[in-house]
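The next block holds one structure in the form of structure tokens; read it before the comments.
Just so it is clear, the structure is predicted and the values come from calculations on it, not from any experiment. Just so you know, residue 1 is the first one in the sequence shown, and it goes up from there.
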Amino acid sequence: MMVSVIFAVLAVGVLGVGLAAARLRAWIVTVVAGALVYDNGVIALGRPIGEGDLLEGLNAGRFVGHALFTPLLIVAGAILARAGRRLMTAAAGLTAVLVALGIFTDIARLRLVPERYADTLRYVNDAAAGPPVPAVVAILVLIGVGVVLWRRDGWPWLFAGAVAMFGAAAAGFAVPWLGNLGELVLLTTVVLTIRHDRSGRLTDRPPRRATATATTDVAG
């Protein structure tokens with residue numbers, strides 16, 4: 001199977017997860033899924049589009065999406081963990097810091113160069129040095145939230161999805177599509193966790209406790 005087909009299949013898979021999140025009114029996850037659909041779609045179409053200004057511009061959007069939206073999963077995780085006001089404020093602050101860092105490293109310092117892998121053509125950030133810190137921190141936070149949900153509610157799937165994402169991200173340096181597959185697995189477990197959650201904190205349903213009102217506002 002051509003690698004470009006794998007990315008196209010991943011784009012369709014993430015689109016399905018995003019639609020499921022939208023039905024749950026989990027808008028944070030819906031936005032993140034939209035960015036990942038775009039990411040996979042641009043890579044899948046890279047070779048047919050061909051090297052040039054159009055593909056370079058489309059690839060710049062991939063980095064903008066990751067920088068602005070991936071850290072939002074920290075807020076979603078805090079809501080699922082039923083964090084109190086102080087922890088929610090801390091989660092929002094950490095998210096803002098990581099977005100700012102992503103803007104600096106992946107937008108302001110973006111220097112795109114073409115890169116071919118198998119039958120795919122994409123542009124990568126030649127100025128990047130080391131792992132993507134915002135994404136790594138977001139995954140680690142979700143692993144922590146997964147531990148909380150496993151111990152508190154007997155729900156291990158968010159933890160499993162976040163750990164799978166961490167491993168896939170590491171493997172993605174050698175096999176790029178594995179990192180994207182990990183994103184699909186992670187978002188799937190996040191949506192399953194939202195569906196499992198009975199409080200409604202990521203939806204427009206009334207929360208069980210009055211103290212959840214503030215977190216609903218943050219998520220919406």
Side-chain angles (χ1 to χ4, degrees), residues 10 13-37 66 69-99 133-171 178-220:
L10 290 173
V14 177
L15 176 61
V17 174
L19 292 174
R23 285 194 293 270
L24 291 168
R25 297 190 178 95
W27 304 122
I28 289 175
V29 183
T30 303
V31 169
V32 174
L36 296 182
V37 171
H66 277 287
F69 302 132
T70 299
L72 296 178
L73 290 175
I74 293 174
V75 176
I79 296 169
L80 280 173
R82 303 174 192 172
R85 187 178 298 274
R86 288 184 179 179
L87 284 178
M88 278 303 308
T89 300
L94 177 59
T95 298
V97 169
L98 293 178
V99 168
V133 174
V136 171
V137 173
I139 295 169
L140 292 176
V141 169
L142 289 177
I143 289 175
V145 172
V147 171
V148 170
L149 297 182
W150 193 355
R151 294 184 61 183
R152 188 188 68 199
D153 302 327
W155 180 260
W157 300 112
L158 181 59
F159 173 78
V163 170
M165 176 69 249
F166 194 84
L178 285 177
N180 294 58
L181 176 60
E183 292 169 344
L184 173 58
V185 171
L186 175 61
L187 278 194
T188 299
T189 58
V190 170
V191 170
L192 290 174
T193 303
I194 295 168
R195 184 175 294 170
H196 176 74
D197 180 34
R198 302 301 181 184
S199 70
R201 286 184 176 84
L202 287 182
T203 74
D204 288 342
R205 293 175 294 164
R208 284 182 177 177
R209 297 182 298 177
T211 54
T213 303
T215 58
T216 304
D217 292 340
V218 174

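- In this structure, the side chain to side chain donor-acceptor pair (under 3.5 Å) partners of Thr193, at least two apart in sequence or on a different chain, are Trp155.
- Between atom OG1 of residue Thr30 and atom CG of residue Leu187 there is a gap of 9.5 Å, rounded to the nearest 0.5 Å.
- Remark: Glu183 CD to Ile139 CD1 distance equals 8.0 Å, nearest 0.5 Å.
- In this structure the side chain of Phe166 reaches within 4.5 angstrom of the side chain of Leu140, judged on heavy atoms.
- Of all the heavy atoms in Leu158 and Leu80, the pair that sits closest is CD2-CD1, 4.5 Å.
- Across every non-hydrogen atom of Met165 and Gly182, the tightest pair is SD-C, 3.2 Å.
- Between Leu24 and Val29, the closest side-chain pair of non-hydrogen atoms is not below 4.5 Å.
- The shortest heavy-atom contact between Val191 and Ala21 is CG2-CB, 4.0 Å.
- Residues passing the side chain to side chain contact (heavy atoms under 4.5 Å, CB included) test with Val163 are Ile143, Phe159, sequence neighbours excluded.
- Residue Leu149 holds its CG atom at 10.5 Å from OG1 of Thr189, rounded to the nearest 0.5 Å.
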Show me the donor-acceptor pairs within less than 3.5 Å that the side chains of residues 70-77 make with the rest of the protein, sequence neighbours left out.
unit_1, atom_1, unit_2, atom_2, d
Thr70, OG1, His66, O, 3.2
Thr70, OG1, His66, ND1, 3.4

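- The 12-atom threshold is not exceeded at CZ of Arg86, counting heavy atoms of other residues, nucleotides or ligands nearer than 6.0 Å.
- In plain terms, the two heavy atoms of Ala22 and Trp27 that are nearest each other are O-CH2, 3.7 Å.
- A distance of 5.5 Å separates NE2 in His196 from CG in Asp153, rounded to the nearest 0.5 Å.
- Here the CG atom belonging to Leu36 is positioned 11.5 Å from the CG atom belonging to Leu15, to the nearest 0.5 angstrom.
- Of the inter-residue distances, the one linking Asp197 atom CG with Ile194 atom CD1 reads 8.5 Å to the nearest 0.5 angstrom.
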